[in-house]
Trainee: 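Provided herewith is a single structure, encoded as structure tokens, for subsequent inquiry.
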Number of protein chains: 2
Amino acid sequence: MARASRRERRQKQGHGVVPQLPWQRVDNPYPPMEPLSADQVEAIHQASLNILENLGIEVMGEDVQALFRDAGASVDESSGIVRLDRGIVEQALATAPSSFTLTPRNLDHAITVGGNRINFGFVSGAPNVHDRINGRRAGNMADFEKLMKFAQSFNCVHFMGNQVAPPIELPPNNRHLDTYRAALTLTDKVISGVPIGGGRIRDLIEMVAIVRGLPAAALQDDPSVIGNININSPRKLDLEMAHGAMMLARHNQATIVTPFTLMGAMTPVTMAAALAQQNAEALLGITLTQLVRPGAPVVYGAFTSNVDMRSGAPTFGTPENAKANMAGAQLARRYGLPHRTSACNASNTVDAQAAYETEMALTGAVFGHGNLIYHAVGWLEGGLVASFEKIVLDVELVQHMMGLLSPIDTSDAALGLDAIADVAPGGHFFGSPHTMARYDTAFYQPILSDWRNSQAWEEAGGQSATERATAVWQQVLAGYQQPAMDPARVEALDAYIRLRREEIGDGEP
Amino acid sequence: MARASRRERRQKQGHGVVPQLPWQRVDNPYPPMEPLSADQVEAIHQASLNILENLGIEVMGEDVQALFRDAGASVDESSGIVRLDRGIVEQALATAPSSFTLTPRNLDHAITVGGNRINFGFVSGAPNVHDRINGRRAGNMADFEKLMKFAQSFNCVHFMGNQVAPPIELPPNNRHLDTYRAALTLTDKVISGVPIGGGRIRDLIEMVAIVRGLPAAALQDDPSVIGNININSPRKLDLEMAHGAMMLARHNQATIVTPFTLMGAMTPVTMAAALAQQNAEALLGITLTQLVRPGAPVVYGAFTSNVDMRSGAPTFGTPENAKANMAGAQLARRYGLPHRTSACNASNTVDAQAAYETEMALTGAVFGHGNLIYHAVGWLEGGLVASFEKIVLDVELVQHMMGLLSPIDTSDAALGLDAIADVAPGGHFFGSPHTMARYDTAFYQPILSDWRNSQAWEEAGGQSATERATAVWQQVLAGYQQPAMDPARVEALDAYIRLRREEIGDGEP
């Protein structure tokens, strides 16, 4: 019955080849779900200050140690252990902003990070790619480009994390120039730098400035770039990560500080200990950014999940992971900082497990009020794979969440007493004028769900959601439209890349 | 590494052949998620009173109409339309209890219905059965018995709804005696009556009294039985349903009043209208129970979901369905009544769609504070099928929710500062004494998730969660243990059934 105006609805919903919700800001209108009481938050806070003051965290690099020493921290010369007293941490927390905006080349795709705003991120860091047609393979440039096309095409993707599926056929010391170029030309959304040392971050800042048509210095007042650094848990900040963060902060770009804390492996098995350790590690990284540049945008990141104690394998989308996602957001709010969390799973294939684990993690991330939800679209196999079918599945999960967060209209027209009066007891509303005026936009239109009856579904091939997802990504890829860019900027981008490739040579960027 | 004491852990977790959580009370410690503001709840309340006062609801049966007429309602003789003014409704709401307990033959399996207590229900009403070994078939007694064994074996199933997969080889007028017998002997949990007329309800009350070793009259002070009646939406209460509810109320057993309100079909397409109509219909049914017996236990039921406007097919687990689950709970709380909701899906197979739709509905049901969550375990194909593999998947989903609702321990031992101090920066916690003392019970142990790495998973056959679920239900069925019952009670039960079969003959029960 909807056939007549499906094209119209599709245009209204702002998509090309498949039905999807338009690009939009997502705010969570519900109070955050909080598994910790205020006293428990305080207990974790105090335990983490205790860790920072008494146990300390190993910090590599004399220049990094010097920053902490100059701020009054104790630095053990032989071990590199930095001990921070609470005054230094409090000073840093006082200058870190509670919210900030990142602007990519398409100004309409700017994202605000903070408050109850939720931004969904594309899978990042996966070394491999998988789809049902071509199987599993190591990251490569052709797939990287396809992944960027998906990230651009699906409106619910607000930003991209670290390099997904790094193209291993290209040299490690300059492949970031190729992936940045692909991301900046094939998408017009916020992208992340590779914070392995400062050079790769500086390159992204320069290249984003070019595509935005601004001098690089202008980005200091109008941040564009994010970079996620991990703490090498337990209690170690690696040199390259520190240098990445320092470069981001120096240019007033956003650093996300994410301790890599799998309970039972990198932290004790108890969640309270994992949260205390995570908190200490995050506070150290956050402090570093504020020592470099007070007021630089920084995000309290968390990645606390557990391991399978029988095998040591990382697990995600467990009840513990979901609770940790909510508890992490509580700690970030304790400090008035934006929060980065994740929606991961540990399934080996795009099946019911992949769906329920991702949904559980997403429940913690969304209802806990995460501001940046990493890996929300496309993550599979505990992060070893970026999966095309999983991208489609996750777009459905994320759009469901967006629908759940949208308000209920209780205007008189929506209450529809006249419409109710018009239909006799035991009748139906299919043809009523109230229905006909609204049926096309009344309900969320899924991208993947199949609602045919059993017989029709069987006759059409009896495909599972995973099998149907293949057709969806094929359609999306075929219908991809590159966002236009001034050819002069593309030329400038390529000139920069040529220059930098020469400069870098066989060395480090 | 867990091999040594897995048996011990399993025993601790209170299961037989597969790892699962023990039978337990589930309370939701979080404030309910509420999509409606207080003003919006009031607007819907007022609209529903308007419907009851001005449009009315068709009520069949002179005896039923007489109850309303005697209470002061207007009854239109020719149409059967009953119009209730708000005074009658308010009087009924004043006598309905806010919470009550239902006790089955195993006193440890009693359930409380109200407050923030959440009870998960087994799939009910499905006409067909499916599993991956035997395919799809119509309901039959052999499968009904298997289903009862699953409901008994899985600890997270708190109660059973209406007859699942009715055995169509048995006569419709007395097959309830066979299904009651199977449920009462194969399980020791709360079961539902078939409220198609009063006779089938009276039979269950008598049979439950026998297995509890009590006179039937004693159940009036100690309710055991629930029955769910649907309103034939829009605005029609069928005779058989009314008689079922009246028999339940007369004996002080619990009636659940559930309007069958699919937006776009049985109500207008707008959610506000659906909720107003649902509310009017529920209030009429609730009022009926209180007219029969003030104080009789009654539950505000809701089943508001939408239809696919392209085909008219019912859909479940949509964002609209999840929001309606939460909004329904808000309305029930407005009246101080317990709430019944559902966790359904419309998938044709146990795939990612089945998982994410069920999880979405469950999100609305659990976080909205539903007290009875119907169909939480085993429902497939929009309710046309009770699926064995879906039972296993749903146990995983429900147990995940139970894990998410459990508290975080922040005692000093859990904060584990000594354990953190014991591991050097960059080290790991696998062998630490703090870990070794806790690893076996630290994390939720899944029933279905597979966390092996990709290669090990491939080598073991590369099974999807759905394929793995088959092995789980086979194990559970093989390991089923019948809960003991005094043979004298079984004899009494059989004597009652013989007697009633003769009494009923070819007529109605």
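If you're wondering where the values come from, they're calculated on a predicted model, not measured in any experiment. So that the names make sense, note that chain A is the first sequence line, chain B the second, and so on, each numbered from 1.
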Trainee: Taking CG in A:D418 as the centre, count heavy atoms belonging to other residues, nucleotides or ligands within less than 6.0 Å. Is the count above 12?
Mentor: no
Trainee: Looking only at side chains, do A:Y356 and B:S449 share a donor and an acceptor under 3.5 Å apart?
Mentor: yes
Trainee: Give the member of A:L404, A:T466, A:I51 that has the highest number of heavy-atom pairs under 4.5 Å with chain B.
Mentor: A:L404
Trainee: For A:A276, is it the side chain, the backbone, both or neither that has a heavy atom under 4.5 Å from a heavy atom of chain B?
Mentor: side chain
Trainee: Could you measure the distance from the CD atom of B:E357 to the OG1 atom of B:T315? Nearest 0.5 Å is fine.
Mentor: 7.5 Å
Trainee: Please identify, among A:F316, A:F367, A:F429, the residue contributing the most non-hydrogen atom pairs under 4.5 Å to chain B.
Mentor: A:F429
Trainee: Of the backbone (N, CA, C, O) and the side chain (C-beta and beyond), which part of A:L448 lies under 4.5 Å from a heavy atom of chain B, both, or neither?
Mentor: both
Trainee: I'd like to know which of B:A469, B:P425, B:G403 tops the heavy-atom pair count under 4.5 Å against chain A.
Mentor: B:P425
Trainee: For B:P407, is it the side chain, the backbone, both or neither that has a heavy atom under 4.5 Å from a heavy atom of chain A?
Mentor: backbone
Trainee: By a 4.5 Å heavy-atom criterion (distance strictly below it), what part of A:M326 contacts chain B: side chain, backbone, both, or neither?
Mentor: side chain
Trainee: Do A:S37 and A:D39 get their side chains close enough for a donor-acceptor pair, meaning under 3.5 Å?
Mentor: no
Trainee: Side chain from CB out, backbone as N, CA, C, O: work out which of these in A:L262 comes under 4.5 Å of a heavy atom of chain B, or both, or neither.
Mentor: neither
Trainee: Relative to chain B, which of A:H428, A:R438, A:H400 shows the most heavy atom pairs under 4.5 Å?
Mentor: A:H400
Trainee: Looking at chain B, which one of A:L275, A:N232, A:D412, A:N453 has the largest number of heavy-atom pairs inside 4.5 Å, strictly under?
Mentor: A:N453
Trainee: Among the options A:A355, A:S464, A:A419, A:A265, pick out the one with the most heavy-atom pairs lying under 4.5 Å from chain B.
Mentor: A:A265
Trainee: Using a strict cut-off of less than 4.0 Å between a Lys/Arg side-chain nitrogen and an Asp/Glu carboxylate oxygen, indicate whether A:R136 and A:E381 qualify as a salt bridge.
Mentor: yes
Trainee: Please identify, among A:I44, A:T267, A:L397, the residue contributing the most non-hydrogen atom pairs under 4.5 Å to chain B.
Mentor: A:T267
Trainee: In terms of heavy-atom pairs under 4.5 Å, which option from B:A465, B:P234, B:A352 contacts chain A the most?
Mentor: B:P234
Trainee: Tell me, for B:M33 versus chain A, whether the close heavy atoms (under 4.5 Å) come from the side chain, the backbone, both or neither.
Mentor: both
Trainee: Under a 4.5 Å heavy-atom cutoff, which of B:A421, B:A346, B:A313, B:G416 has the most pairs with chain A?
Mentor: B:A421
Trainee: Would you mind telling me which of B:E58, B:E396, B:R235 has the largest number of heavy-atom pairs within less than 4.5 Å of chain A?
Mentor: B:R235
Trainee: Between A:L415 and chain B, with a heavy-atom cut-off of 4.5 Å, which part of the residue counts as in contact: side chain, backbone, both or neither?
Mentor: both
Trainee: Mind ranking B:A322, B:A327, B:S406 by heavy-atom pairs under 4.5 Å with chain A and telling me who comes out on top?
Mentor: B:S406
Trainee: Identify which of B:N50, B:V385, B:T349, B:N306 forms the greatest number of heavy-atom pairs closer than 4.5 Å to chain A.
Mentor: B:N306
Trainee: Mind listing the closest non-hydrogen atom pair of A:G264 and B:T435 along with its distance?
Mentor: O-CG2, 4.5 Å
Trainee: Examine whether an atom of A:S432 lies under 4.5 Å from a heavy atom of chain B, and if so say whether it belongs to the side chain, the backbone or both; otherwise answer neither.
Mentor: neither
Trainee: So how far is it from A:Q330 CD to A:H45 NE2, rounded to the nearest 0.5 Å?
Mentor: 14.5 Å
Trainee: Could you grab the distance from atom CD of B:Q277 to atom CD1 of B:I231, nearest 0.5 Å is fine?
Mentor: 10.5 Å
Trainee: To the closest 0.5 Å, what do you measure between CG (B:D409) and CE (A:M271)?
Mentor: 10.5 Å
Trainee: Check whether A:A424 gets within reach of chain B through its side chain, its backbone, both or neither, counting any heavy atom under 4.5 Å.
Mentor: backbone
Trainee: With a 4.5 angstrom heavy-atom cut-off, could you sort out which part of B:L36 is near chain A: side chain, backbone, both or neither?
Mentor: side chain
Trainee: Can a donor-acceptor pair be found between the side chains of A:K390 and A:T358 at a distance below 3.5 Å?
Mentor: yes
Trainee: What distance do A:N54 atom CG and A:I81 atom CD1 have between them, rounded to the nearest 0.5 Å?
Mentor: 12.0 Å
Trainee: Are A:E281 and A:K236 close enough for a salt bridge, meaning some N to O gap below 4.0 Å?
Mentor: no
Trainee: Just by distance, no angles: are the side chains of B:Y444 and A:E320 close enough, under 3.5 Å, to form a donor-acceptor pair?
Mentor: no
